[in-house]
Number of protein chains: 2
Amino acid sequence: MVNTTRAPGTPGSGGTVGSAGPALRADAARNRERVLEAAAQVFAERGLDATLNDVAERAGLGVGTVYRRFPNKESLVEALFADRIDELMALAVEAVGHPDPWEGFVYFLERSLARQVIDRGLRDVLLHSGFGSHHVAEARDRLTPMVTELIERAQAGGHLRGDLVAMDVLMLVKMVGSVADYVGDDAPELWRRYLALLLDGLVTDRSSISSLGKPPSPETVERAMLRRE
Amino acid sequence: MVNTTRAPGTPGSGGTVGSAGPALRADAARNRERVLEAAAQVFAERGLDATLNDVAERAGLGVGTVYRRFPNKESLVEALFADRIDELMALAVEAVGHPDPWEGFVYFLERSLARQVIDRGLRDVLLHSGFGSHHVAEARDRLTPMVTELIERAQAGGHLRGDLVAMDVLMLVKMVGSVADYVGDDAPELWRRYLALLLDGLVTDRSSISSLGKPPSPETVERAMLRRE
DNA sequence: AACCAAGTGGAGCTACCCACTCCGCTTCCT
DNA sequence: AGGAAGCGGAGTGGGTAGCTCCACTTGGTT
């Protein structure tokens, strides 16, 4: 969902846009929304490599219009993903509050990965930096203590192996992410198979071995390998 | 392997090719070797994105010299990685011959990943296609039955979970690969930690839980996230 | 209804990158 | 000594992506 709450012309709206100014004309405000929606779609599908021309085309507008609202690509990306990142934080808070520590841990991994799989742009923002690295780094710093607590609770509960640390979680997310999304309609849930495998490596209690979904077809694997990710 | 377009010729010294055409001049043959060595280094360090200018510079030669021996980038890449791929096949054969089926399976994963970690170019060739995709696809087809046997033996031995298939192995390699190499001198063996985690998810017998190495530092993770891979 | 600042489109500018070529000069080898 | 093979590396061509410019349109105010 696009953040529509920011008044177009209010001073310091995005934090990035310097100029305070009069309110936007009605059509301009409408187009601003269109740009944000189009950007959300395009970046979700193709990642941050998509150009602002792509975004403009999707929005049915000219590039100039896009650049009139957002001084450059980075500011658009930031406007889009700032709240996405906050949502991840909320997810962590929610997970920490889960009655079962292990379930909370799994819940966090599963849900945050699901978001990244849906939204390739989000994965790019989180895992490949470049854009908004300031925001992301800051988010990471806020997130780390939460993850640490998530881990420690699950370890105290006896379900999670003791030698896992918060930093590992990021790496695990990256691993599963590397195997996610390739496949579009083909095998969109394949990543869950490998998350399950990983979780079975994390759990202390082997009696409850995960059941994996359908294995990938050779064609799916072929396609996965072709992606430079 | 192709030699040239304009100047036919084959190395007298190389022994890699049996072919038609006059022998290379002594200095030319020497330079050809230099090019190959430089290419091996540069591609190993920076992956296939490295340019032939980079290779030439590393070799202490001009680009023209590189292109005199190899008509284009692809032919150089192919000359370099054809036998690397064959080595992987040999590895699989060796692994299948291992007395302990589970150890054979682990051996294969561990060794082939170790190669890819050392050689970023090899990872690119195997996992991101583009170059030599014909060769790679063919190699994959030859490799698949070997991996299947590897898996089935380990499953028959009771060590490997039954729901794993050959295609999974490629995906697992990709996953671990995504987390490998970033780190240069920093934490070159970090990938083993995550391979161990995965293996613990693959094994049926939980009594032998792996001991992980040192966890990554925040700086290491930071750096890992910055890489677009 | 008239006016004009705000807004728009999209061709095109700029800057960059990389695979590859060209050609005057050098080196090997007979 | 002669000439073919080889060499260096500036330059070319082609592609891409971020961004600008400005003639034209539109919204909203008077």
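Quick note on labels: first sequence line is chain A, next is B, and so on, each numbered from 1.
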#### Entry: side chain to side chain contact (heavy atoms under 4.5 Å, CB included) evaluation trace for A/Leu202 with A/Phe105
CA-CA 11 Å; A/Leu202 297 180; A/Phe105 176 75; 4.0 Å; yes

### Query
Taking only residues two or more places apart in sequence, or in another chain, which ones meet B/Tyr194 in a ring pair (Phe, Tyr, Trp, His ring centres under 6.0 Å)?
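Residues passing ring pair (Phe, Tyr, Trp, His ring centres under 6.0 Å) with B/Tyr194: none at all.
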
### Task
Within residues 54-65 of chain B, find the residues that approach DNA chain C with a heavy atom at under 4.0 Å, and present them sorted by residue number.
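None, since no heavy atom is under 4.0 Å.
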
For [X] and [N], give me the distance from atom [atom1] to atom [atom2], rounded to whole Å.
X	N	atom1	atom2	answer
B/Leu52	C/dC18	CG	C1'	9 Å
A/Arg69	D/dC19	CZ	C1'	16 Å
B/Arg68	C/dT26	CZ	P	16 Å
B/Phe70	C/dA19	CZ	C1'	16 Å
B/Asn31	C/dT26	CG	C1'	13 Å
A/Lys73	D/dT20	NZ	P	15 Å
A/Tyr67	C/dC13	OH	C1'	13 Å
B/Leu48	C/dC18	CG	C1'	14 Å

### Query
Backbone N or O of A/Leu190 within a donor-acceptor pair of the A/Lys214 side chain at under 3.5 Å?
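No, because the side chain of A/Lys214 does not come within donor-acceptor range (under 3.5 Å) of the backbone of A/Leu190.
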
### Message
Using modelled atom types and a 3.5 Å cut-off, is there a donor and acceptor pairing between side-chain atoms of B/Thr144 and backbone atoms of B/Arg140?
### Response
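Yes: the side chain of B/Thr144 pairs with the backbone of B/Arg140.
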
### Query
Would you call B/Glu87 and B/Arg111 a salt bridge, taking side-chain N to carboxylate O under 4.0 Å as the test?
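Between B/Arg111 and B/Glu87 there is no salt bridge, as every charged N stays at least 4.0 Å from the carboxylate O atoms.
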
### Query
Can a salt bridge be assigned to the pair B/Glu189 and B/Arg192 using a cut-off of 4.0 Å between side-chain N and carboxylate O?
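A salt bridge links B/Glu189 with B/Arg192.
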
### Query
Can you name the closest pair of heavy atoms from B/Ala40 and B/Arg84 and give their distance?
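Looks like CB-NH2, 3.9 Å.
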
### Task
Let me see the working for B/Met225 and A/Met171 under side chain to side chain contact (heavy atoms under 4.5 Å, CB included), right down to the final yes or no.
CA-CA 8 Å; B/Met225 295 301 161; A/Met171 301 298 273; 4.2 Å; yes

### Task
Could you tell me whether A/Asn53 contacts a base, only the sugar-phosphate backbone, or nothing, with contacts defined as non-hydrogen atoms closer than 4.0 Å?
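Result for A/Asn53 = base.
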
### Query
Does the side chain of B/Leu36 come within less than 4.5 Å of B/Phe70's, by heavy atoms?
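They are in contact (side-chain heavy atoms under 4.5 Å apart), so the answer is yes.
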
### Summary
Per-nt protein contacts along nucleotides 24-30 of chain D (heavy atom under 4.0 Å; B base, S backbone sugar-phosphate only, - none) come out as --BSS--

